[in-house]
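All remarks here apply to the structure that follows.
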There are 2 protein chains.
Amino acid sequence: MTLPDPYYSDSKCTIYHGDAFDILPELSGIGAVITDPPYSSGGAFRGDRARQTTTKYVQTGTAAYRPEFAGDNRDQRSFLAWCALWMNAARNATEPGAAIASFIDWRQLPVLTDAIQAGGWTWRGVAVWSKKYGRPNPAGFSSAAEFVVWGTNGPAVDRDDYPAGVFECQSPPSRDRSHIAQKPEKVMNWAVRLAAPGATIRAAKDGGYKAVGIEVDERYCEIAATRLGQEVLF
Amino acid sequence: MTLPDPYYSDSKCTIYHGDAFDILPELSGIGAVITDPPYSSGGAFRGDRARQTTTKYVQTGTAAYRPEFAGDNRDQRSFLAWCALWMNAARNATEPGAAIASFIDWRQLPVLTDAIQAGGWTWRGVAVWSKKYGRPNPAGFSSAAEFVVWGTNGPAVDRDDYPAGVFECQSPPSRDRSHIAQKPEKVMNWAVRLAAPGATIRAAKDGGYKAVGIEVDERYCEIAATRLGQEVLF
DNA sequence: GCCGAGAATGAATCCATCC
DNA sequence: AGGATGGATTCATTCTCGG
């Protein structure tokens, strides 16, 4: 298999529409991997996780139409196996010393720390995105954070930028999101600092960094390409 | 075996000096368990973790003398087994619906989420103590948080008090601590809110709550008893 | 009392060295 | 060879102290 034609491309930035397992083996020399996989979470029981993403993840009234996203109903064992496989594929595409960061919620956090190591990365920590105002939980602590499992491909390459281990940023209201799990741009800017001073794919284009995006769902490719084609994002 | 004589006791508060494995089986009716076990952490390599706590955990020059603490050099497998055992012993001492919270660092977080479930508790989340400014990490995100693994003994008892899932509090300077891993009182106040509005053992005495403390090292029992005997803590 | 400069600090991490 | 130990290094912020 060879690399498919990009869904979008400009001088700094390329988006591939396809499964990461098909695209990643064709890539090399990657300096950092920043990813937000489907969490396969959303419930304590198997039946809860198997629901469609549009119903199992909360979406309050005014939300715009947002399509289902795929691959979000694996059980914990197959989620581990699946993560280990793409972690390994991603590592094979990177240079020694490259960093990886993956968002995850508390339920799958231990699975992902296993997977990052199974995929051959050196697990180096857990960073925290504090959403400030979480869903109240009558059983105890409110759920107000997502986590970032991160590591490096072998010994780390030292950097001149030291991002904070905890980043506080309120989650945008549901009506402003194109994707149920969309992260605020500030959060992505923080996460990509693991790679280098820079920003999201969009900012990467402006800032002179090269970025490759992989997305399995064409509708989200379209949204991303539209944003990248715009001169001003907001 | 019967319950030993308390190291300290007053009308609201009791401290036992001994191993939790000896004390817990003699207790019953406990409403919540708040604990801070030795992390068996302090380094990515086995050799680092096996070092003495006074050298492997950072203590810069002016720090007051603080004794070693025990049980902090288990490997990961025996740390899991040990945690599962005391988690289970703790659960047997509690009432249905009781909550448990245990501090841990990022390295042992996945082990503790396994242990809490192995010990028969329903794992319900991971709360975050954000220290705000951690030690910089040249490999990536600074280490600026500790975690609280928490759960309940069966179905949770609903509460009207929802402690935040992320609590921000700077760590006190080294010289103000009696124990290397001493938590700020504000952090403990936050953690015990999982049980009820209240505070530390000391505050529990003042506030009318009953509290039982278990500590294996007599020197730390003595410090705790001294504090509890004082009318004013600071 | 306010302000600025310099010192101090962290459940860290990594590497060199010694036995 | 491998375990144990010592020590250099990292930086954002607070702390301390003098003006």
Side-chain angles (χ1 to χ4, degrees), chain A residues 96-97 99 121-128 150-168 190 193-194 197, chain B residues 35-76 79 83 101-112 126-149 167-188 191 215 217 220:
Chain A
W121 298 86
T122 302
W123 175 38
R124 290 187 180 272
V126 175
V128 177
W150 69 278
T152 57
N153 182 359
V157 173
D158 281 4
R159 76 211 26 260
D160 53 2
D161 185 41
Y162 301 82
V166 178
F167 186 78
E168 190 171 278
W190 164 68
R193 284 179 58 195
L194 183 60
Chain B
T35 183
D36 191 20
Y39 293 176
S40 285
S41 189
F45 303 104
R46 195 172 69 91
D48 288 330
R49 288 193 297 271
R51 295 168 71 175
Q52 292 196 316
T53 56
T54 42
T55 61
K56 75 175 174 178
Y57 296 128
V58 70
Q59 299 193 79
T60 36
T62 59
Y65 167 75
R66 289 168 304 196
E68 283 288 315
F69 60 89
D72 197 62
N73 44 21
R74 294 177 174 86
D75 72 22
Q76 209 167 44
F79 184 73
C83 287
S102 176
F103 286 89
I104 199 66
D105 75 350
W106 66 270
R107 279 171 291 226
Q108 301 285 35
L109 173 56
V111 178
L112 205 64
V126 175
V128 177
W129 166 32
S130 167
K131 303 181 183 181
K132 253 186 133 172
Y133 309 108
R135 185 164 287 255
N137 184 345
F141 295 110
S142 65
S143 182
E146 291 190 27
F147 300 93
V148 176
V149 172
F167 187 78
E168 190 170 281
C169 177
Q170 212 187 324
S171 214
S174 178
R175 65 178 170 280
D176 293 343
R177 300 186 216 169
S178 304
H179 189 291
I180 295 175
Q182 182 175 332
K183 304 286 178 289
E185 193 162 359
K186 282 181 184 173
V187 170
M188 296 310 298
E215 166 59 50
D217 189 321
Y220 293 120

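None of these values were measured; they are calculated from a predicted model. Sequence lines set the chain letters: A, B, ... in the order given, protein chains first and strands last, and positions in each chain run from 1.
Other residues, nucleotides and ligands place no more than 12 heavy atoms under 6.0 Å from the CD atom of Q76(B).
Closest heavy-atom contact between W129(B) and C169(B): NE1-O, 2.9 Å.
Each of dC11(D), dA11(C), dA12(C) was ranked by its minimum atom distance to the side chain of R135(B); first place goes to dA12(C). Residue Y162(A) places its side chain closer to dT10(D) than to any other of dT13(D), dT10(D), dA11(C). With dA12(D), dT10(D), dA11(C) as the candidates, the nucleotide lying closest to the side chain of Y39(B) is dA11(C). Closest to the S171(B) side chain, of the nucleotides dA11(C), dC14(C), dC11(D), is dA11(C).
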For nucleotides 6-8 of chain D, give me every protein contact, N/O to N/O, under 3.5 Å, one pair per line with atom names.
from   : atom 1 : to     : atom 2 : distance (Å)
dG6(D) : N7     : R51(B) : NH2    : 3.0
dG6(D) : O6     : R51(B) : NH1    : 3.4

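Note on K131(B) versus E168(B): no salt bridge recorded, every NZ/NE/NH1/NH2 to OD/OE distance being 4.0 Å or above.
P37(B) comes within contact range of at least one nucleobase, with a heavy-atom separation under 4.0 Å. Residue contacts shown for E146(B) include a base, since a base heavy atom lies under 4.0 Å away. Across all strands, F147(B) comes closer than 4.0 Å to no nucleic acid atom at all (heavy-atom distances). At a threshold of 4.0 angstrom between heavy atoms, the contacts of W106(B) are confined to the sugar-phosphate backbone, with no base atom among them.
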Yes or no on side-chain hydrogen bond (donor to acceptor under 3.5 Å, both in side chains) for S41(B) and D105(B), after CA distance, side-chain angles and deciding distance? CA-CA 8 Å; S41(B) 189; D105(B) 75 350; 2.6 Å; yes
Evaluate the criterion side-chain hydrogen bond (donor to acceptor under 3.5 Å, both in side chains) for residue pair T152(A) and R124(A); output intermediate values, then yes/no. CA-CA 7 Å; T152(A) 57; R124(A) 290 187 180 272; 2.6 Å; yes
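Ring geometry for F69(B) against Y57(B) counts as parallel: the plane angle stays under 30°, on a 0 to 90° scale with 60° as the upper cut. Between W106(B) and W123(A), the angle of the ring planes goes over 60°, which puts this pair in the perpendicular group of the 30/60° scheme.
Side chain of K132(B) to main chain of V166(A): no donor-acceptor pair is present (N/O by atom type, distance under 3.5 Å, no hydrogens or angles).
Remark: the Y57(B) side chain and the dA11(C) base include a donor-acceptor N/O pair separated by less than 3.5 Å.
Position along DNA chain C of the nearest nucleotide to P38(B) versus A139(B) favours P38(B) as the more 5'-ward residue.
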Give DNA chain D the dot-bracket treatment, 5' to 3': Watson-Crick (N1-N3 with N6-O4 or O6-N4) or G-U (N1-O2, O6-N3) under 3.5 Å, [ ] crossing, | other strand. .||||||||.|||||||||
